[in-house]
Amino acid sequence: MYSFANKTYRLIPLFITLKIPIFLDFDYNIILLLSFQIHVNILTNSRYSHFLIEGLHTKHLMTLKKTKNGGNTMKGFAMLEIGKTGWIEKERPKCGPLDAIIKPLALSPCTSDIHTVWEGALGDRHNMILGHEGCGVVEEVGELVKDFKVGDRVMVAAITPDWSSLEAQGGYPMHSGGMLSGWKFSNFKDGVFGEYFHVNDADGNLAHMPEAVSPEEACMLSDMVPTGFHGVELADIQFGDTVLVNGIGPVGLMSVAGANLKGASRIICVGTRPACREAAKKYGATDFISYKEGSIDEQVLELTGGKGVDKAIVAGGGVESFDPIIKALKPCGKIGNVNYLGSGTYVTIPRVEWGCGMGHKMITGGLMPGGRLRLEKLASLIEVGKLDVRHLITHRFDGFEHVEDALMLMKDKPADLIKPVVNIGK
Ligand code: NDP
Ligand code: ZN
C-alpha cells in the first residue's frame with residue numbers, strides 16, 4: 001500500500017516487454033534481437049476511482065544474436081565468479097553418442113543457484129551457465145540413444161547420474177563418479193539456463209512429458225518434487241507418524257505433500273512466509289511454528305504434550321538447525337535432510353538429547369536420486385490428480401531473457417514468492 005495526498009493506493013506493477021529484431025544481412029543469417037522492458041507502476045484507489053502512474057522506466061534486457069542453420073554459439077545466463085552473474089555467449093554443447101541436446105520450453109531458478117553464486121558453496125566457478133530445473137524439446141540425439149528422438153517434449157531431473165557407474169549399481173546414482181557427482185548441471189558443467197543444454201545418458205535421464213503435464217509443471221518435477229519427496233524417503237515416514245518439516249519453501253512444501261501421501265498424521269511446519277503457509281495447508285500441514293518466535297524444540301514439545309515427533313524433514317535453516325530438531329525428536333526418530341548447507345563448518349548434535357550417543361536418533365542427508373523412472377512415477381501423481389504442483393508457482397515470466405529476473409527474485413525472496421517459472425514457448 002502507498003499513501004499519497006492522504007489517500008491510500010494499491011500498487012500494481014506492469015511490465016511490457018518489447019522485442020525488436022534487426023536483420024543484419026539479406027539472407028537473415030544474423031539477427032540481433034533487442035529486448036527492452038518497460039516498467040510502469042500503477043497506483044489505484046477504488047474509492048476515489050482514479051489511478052496514478054507512479055513511475056515509468058525502461059530496462060535493456062539483452063541483445064541476442066541468432067544465426068540461421070544452427071550457428072555454433074548460444075547465449076546463457078551464467079555465474080561469472082562468486083557473487084557475480086551475467087549473460088555470456090558460449091559454444092553450443094556437443095552431443096555424444098549417448099547424449100541429447102535440449103532446447104528449453106520452461107526454466108526455473110532454485111535456492112541452490114543462490115547458494116552456489118552468492119555463498120560460493122561449491123567453490124568458485126567461472127562463466128558457468130546456471131540452472132538445473134527445466135524441460136524442453138529434443139534438438140539432437142546421439143546415435144546410441146534408443147527411446148528419444150528429435151522433437152520429443154521431455155522432462156529432465158536436476159540430477160543426471162551416469163547410470164552404468166558402480167555407484168548407480170550400488171543404489172546411489174546421485175553419487176555416480178564421486179560424492180554428489182550426479183549433480184552435473186551448474187556444478188561440473190553448464191546448466192540449463194542456455195538456449196540449449198546438454199543431457200548425458202539420455203535414455204536414463206530424460207522422460208517423455210505426458211500430455212497432462214504442462215512445461216511449468218514439468219519444471220517442478222526437475223527438483224522440487226523429487227527433492228522434497230526424497231526428504232520423505234530419508235525420514236522413512238510411516239502411516240500415523242507425527243512429522244516435523246523444518247522449512248516450507250518449495251522443497252519443504254513438497255516434503256509436506258509427500259509426507260501426507262505416505263500417511264503422516266500431524267505435519268508440523270516451520271516457516272513464516274504467508275504464501276508458503278497457505279500452500280502448506282493445501283498440501284496437508286496441520287500445525288505451524290516460527291523459528292523467529294522462540295526455540296523450535298520447545299514449541300514442538302509444547303504442541304505434542306512433551307512427546308516430540310516421530311520423524312523430521314529438514315528443508316531449511318542452517319548448520320545450527322539440527323540441534324533443536326534432535327531435541328524435538330522421539331528416541332528411534334529419523335531425520336531426513338535435503339537442505340543444502342551453504343555455509344558454516346560443523347553441524348552440532350546435542351549430546352544428552354542424542355541419548356549420549358545411544359538414542360537411536362538417525363540423521364541421513366541426501367541429494368535426490370534423479371532418473372527417468374522416478375520422473376515418470378512422480379509425473380503420474382500429477383496425471384491422476386494426486387499432486388498439484390501449481391500451488392508452488394507464484395511468479396511467471398515469458399521469454400528466455402527473463403531468466404535473470406527470475407533468478408534475482410529467488411535471491412530476494414519477497415514474502416509472496418514460492419517459485420518463479422520462465423516460459424519460453426516453442
Ligand atoms: P527457501 O529458501 O524457499 O525456503 C527455506 C525455508 O526454510 C523457508 O520456509 C524458511 O522460512 C525456512 N527457514 C529459514 N531459516 C530457518 C531456520 N533458521 N530454521 C527453520 N526454518 C528456517 O528454500 P527452498 O525450499 O527453495 O530450498 C530448501 C533447501 O533445499 C535449500 O537449501 C536448497 O538449496 C535445498 N535443495 C536441496 C536439494 C537436494 O537435492 N538435496 C535440491 C534442491 C534444493 P521463511 O518462511 O521464514 O522464509
Ligand atoms: Zn533446484
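Counting convention: from 1, in listed order, for ligands and their atoms alike. Because the structure is predicted, anything quoted here is derived from the model rather than measured.
Distances from the Zn ion (ligand 2) show that D113 has no N/O/S atom below 2.8 Å.
Ligand-side atoms of ligand 1 in range of T272: 11 (O), 45 (P), 46 (O), 47 (O), range being under 4.0 angstrom from any heavy atom. In summary, the atoms of ligand 1 found under 4.0 Å from a heavy atom of V270, numbered by their order in the structure, are 20 (C), 21 (N). The distance from ligand 1 to the heavy atoms of G247 drops below 4.0 Å at these ligand atoms: 6 (C), 7 (O), 9 (O), 12 (C). For ligand 1, the atoms lying closer than 4.0 Å to a non-hydrogen atom of I248 are 6 (C), 8 (C), 9 (O). Residue contact check: V338 has heavy atoms under 4.0 Å from atoms 30 (O), 35 (C), 36 (N), 37 (C), 38 (C), 39 (C), 41 (N) of ligand 1. Residue D223 approaches ligand 1 through these ligand atoms, each under 4.0 Å from one of its heavy atoms: 42 (C), 43 (C). The ligand atoms of ligand 1 that sit less than 4.0 angstrom from a heavy atom of S112 are 33 (C), 34 (O), 36 (N), 43 (C), 44 (C). Of all atoms in ligand 1, listed by their number and element, those nearer than 4.0 Å to a heavy atom of G366 are 41 (N).
With respect to the Zn ion (ligand 2), D223 has OD2 as its nearest N, O or S atom. The nearest N/O/S atom of E133 to the Zn ion (ligand 2) is OE2.
Considering only non-hydrogen protein atoms, atom 16 (C) of ligand 1 sits nearest to G317 CA, 3.5 Å. Nearest non-hydrogen protein atom to atom 2 (O) of ligand 1 is K413 NZ, 2.8 Å. In terms of protein heavy-atom proximity, atom 24 (P) of ligand 1 is nearest to T111 OG1, 3.4 Å. In this structure, the protein non-hydrogen atom closest to atom 11 (O) of ligand 1 is Y291 CE2, 3.4 Å. The closest protein non-hydrogen atom to atom 3 (O) of ligand 1 is R273 NH2, 2.8 Å. The protein heavy-atom contact nearest to atom 38 (C) of ligand 1 is T227 CG2, 3.4 Å.
Contacts with ligand 1 closer than 4.0 Å are made by heavy atoms of both the backbone and the side chain of V251. Both the backbone and the side chain of Y340 come within 4.0 Å of ligand 1, counting heavy atoms alone. Of all the heavy atoms of K419, none lies under 4.0 Å from any atom of ligand 1, so neither backbone nor side chain is involved. Heavy atoms of H230 found under 4.0 angstrom from ligand 1: none, in either backbone or side chain. Residue-level proximity to ligand 1 for P250 is carried by backbone and side chain together, each with a heavy atom below 4.0 angstrom.
Note on ligand 1: A315 sits in its first shell, one or more heavy atoms being nearer than 4.0 Å.
Using a 30° and 60° split on the angle between ring planes, F148 and H208 fall in the parallel class, below 30°.
Evaluated for a side chain to side chain contact (heavy atoms under 4.5 Å, CB included) with K311, the options T242, I237, V232 yield exactly one hit, I237.
Counting only distance, with no hydrogens or angles, the side chain of N337 and the backbone of I363 share no donor-acceptor pair below 3.5 Å. A side-chain donor-acceptor contact under 3.5 Å links T286 to the backbone of I267. Proximity of a side-chain donor or acceptor of D297 to a complementary backbone N or O of A328 within less than 3.5 Å is not detected. A donor-acceptor contact shorter than 3.5 Å links the side chain of N200 to the backbone of T160. Looking only at distances, no side-chain donor or acceptor of S255 sits under 3.5 Å from a matching main-chain atom of F229. Although no hydrogens or angles enter the test, the distance criterion places a donor-acceptor pair under 3.5 Å between the side chain of D203 and the main chain of K146.
Considering every non-hydrogen atom in both E376 and A207, the closest pair reads CG-CB, 4.0 Å.
Taking only non-hydrogen atoms, the option from N339, I114, I289 nearest to atom 29 (C) of ligand 1 is N339.
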- [ ] Let me see the working for R372 and D147 under salt bridge (Lys or Arg N to Asp or Glu O under 4.0 Å), right down to the final yes or no.
- [x] CA-CA 11 Å; R372 175 174 168 188; D147 298 333; 3.0 Å; yes

TODO: Kindly determine whether Y340 and T116 satisfy side chain to side chain contact (heavy atoms under 4.5 Å, CB included), including the steps that lead there.
DONE: CA-CA 10 Å; Y340 172 2; T116 300; 3.4 Å; yes

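We find that K184 and D162 are joined by a salt bridge, their nearest charged nitrogen and carboxylate oxygen being less than 4.0 Å apart.
Using modelled atom types, one finds no donor on one side chain facing an acceptor on the other under 3.5 Å when comparing T348 with D323.
In this structure, F322 has its ring center no closer than 6.0 Å to that of W354.
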